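In what follows, a single structure is set out as C-alpha cells and then discussed.
Any value given below was found using the heavy atoms of this structure, including those in side chains, with hydrogens, waters and symmetry copies removed. Because the structure is a prediction, the values reported are computed rather than measured.
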Amino acid sequence: VYQCDDTSSKAESLDVVNVTFIDRSGHRIPVKGKVGDNVLYLAHENGIDLEGACEASLACSTCHVYVNEEHFDKLPEAVEREEDMLDMAPVLQLNSRLGCQIILTKELEGMELTLPKITRNFYVDGHVPKPH
C-alpha cells in the first residue's frame with residue numbers, strides 16, 4: 001500500500017524565507033528564498049537589478065542594500081572587509097549592508113531590502129550579470 005509521505009514538503013516549507021525587495025522606483029517585489037540563500041544570488045534569480053560586479057568576493061559595493069530596521073539587528077555584524085567596501089558605496093546609511101554578505105535564516109522572515117537610488121556601477125558597458 002502506497003502512503004504519501006508529506007514530511008518532505010513540510011520540511012521544505014519550514015526552510016522558506018519571504019523577503020521583499022524594494023526597487024529604485026519604489027516597487028515592492030516579494031520573493032521566496034530558502035534558509036542558507038545568499039541575498040545577492042536570490043535577487044539575480046528573481047530578476048532584481050542588484051549588480052554584484054565582484055560575484056560576492058567582497059571586492060566592490062555594487063550589491064549595496066538598505067535593510068529594514070526590524071531585521072537589521074538580526075544580521076551578524078559586518079566583517080571589516082564588508083565595512084571597507086561599504087565605505088565606497090554612495091548614499092551610505094546606518095542600515096546599509098552588502099547583499100552578498102546576507103545569508104537567509106528563519107529569523108529574517110519578512111525582511112525588506114531597499115535598493116539605493118544610485119550605485120557605483122562597475123559595468124560601464126551595459127553588461128548585466130547572469131545568475132550562476
Side-chain angles (χ1 to χ4, degrees):
V1 177
Y2 177 78
Q3 290 183 332
C4 178
D5 182 9
D6 199 38
T7 56
S8 64
S9 63
K10 286 180 186 173
E12 283 179 22
S13 68
L14 292 176
D15 287 344
V16 171
V17 181
N18 293 291
V19 176
T20 300
F21 287 92
I22 302 169
D23 71 13
R24 290 175 182 85
S25 16
H27 293 104
R28 300 173 64 81
I29 306 161
V31 300
K32 291 187 182 303
K34 295 188 306 281
V35 170
D37 280 352
N38 175 305
V39 163
L40 172 63
Y41 298 137
L42 182 64
H44 288 178
E45 290 165 8
N46 287 278
I48 311 287
D49 187 22
L50 189 60
E51 185 176 333
C54 75
E55 299 184 356
S57 66
L58 265 178
C60 74
S61 63
T62 60
C63 65
H64 173 217
V65 294
Y66 303 124
V67 181
N68 67 316
E69 189 176 332
E70 178 185 341
H71 292 91
F72 185 79
D73 291 332
K74 295 179 181 179
L75 295 173
E77 284 197 34
V79 296
E80 187 175 352
R81 283 186 63 202
E82 180 182 0
E83 289 181 357
D84 289 346
M85 291 300 109
L86 281 168
D87 286 341
M88 297 189 321
V91 202
L92 191 64
Q93 296 180 4
L94 292 175
N95 62 334
S96 291
R97 291 296 298 266
L98 296 180
C100 70
Q101 297 303 298
I102 300 174
I103 305 301
L104 293 183
T105 64
K106 277 310 286 179
E107 293 74 32
L108 298 178
E109 170 68 28
M111 178 171 59
E112 293 183 355
L113 300 168
T114 303
L115 277 58
K117 298 285 185 207
I118 58 171
T119 62
R120 182 165 286 135
N121 188 330
F122 277 46
Y123 290 125
V124 295
D125 61 359
H127 172 78
V128 176
K130 302 286 184 232
H132 296 272

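- The two residues C54 and A59 come nearest to each other via the heavy atoms SG-N, 3.3 Å.
- By the side-chain hydrogen bond (donor to acceptor under 3.5 Å, both in side chains) test, Q93 pairs with no residue at all, sequence neighbours left out.
- No path of Ile, Leu, Val, Met, Phe, Trp and Tyr side chains, each step under 4.5 Å between heavy atoms, connects Y66 with I22, placing them in separate hydrophobic clusters.
- In the displayed structure, K32 atom NZ is contacted under 6.0 Å by at most 12 heavy atoms of other residues, nucleotides or ligands.
- Listed by first then second residue, pairs satisfying salt bridge (charged side-chain N to carboxylate O under 4.0 Å, His left out) with a partner in residues 75-86 read E82-R97, not counting sequence neighbours.
- The structure places CD1 of I29 at 11.0 Å from CG of L113, a figure rounded to the nearest 0.5 Å.
- No chain of hydrophobic side-chain contacts below 4.5 Å, direct or via other Ile, Leu, Val, Met, Phe, Trp or Tyr residues, connects V67 to L94.
- The two residues L115 and L50 come nearest to each other via the heavy atoms CG-CD1, 4.3 Å.
- Nearest approach of G33 to L104, heavy atoms of both residues: CA-CD1, 3.9 Å.
- Considering all non-hydrogen atoms of both residues, F21 and V31 come closest at CE1-CG2, 3.6 Å.
- Nearest heavy atom pair, residue N38 against residue A56, reads ND2-CB, 4.4 Å.
- For the atom pair CD of E45 and CG of D37, the computed distance is 6.5 Å after rounding to the nearest 0.5 Å.
- From E109, atom CD reaches atom NZ of K74 across 9.5 Å, with rounding to the nearest 0.5 Å.
- Closest non-hydrogen pair, I103 versus L108, comes out as O-CD1, 3.6 Å.
- Residues passing the side chain to side chain contact (heavy atoms under 4.5 Å, CB included) test with N68 are E70, H71, M111, E112, sequence neighbours excluded.
- Looking at residues two or more places apart in sequence or on another chain, you find a side-chain hydrogen bond (donor to acceptor under 3.5 Å, both in side chains) between S96 and H64.
- In this structure Q101 satisfies the side-chain hydrogen bond (donor to acceptor under 3.5 Å, both in side chains) test with no other residue, sequence neighbours excluded.
- For S57, the side-chain hydrogen bond (donor to acceptor under 3.5 Å, both in side chains) criterion is met by no residue, not counting sequence neighbours.
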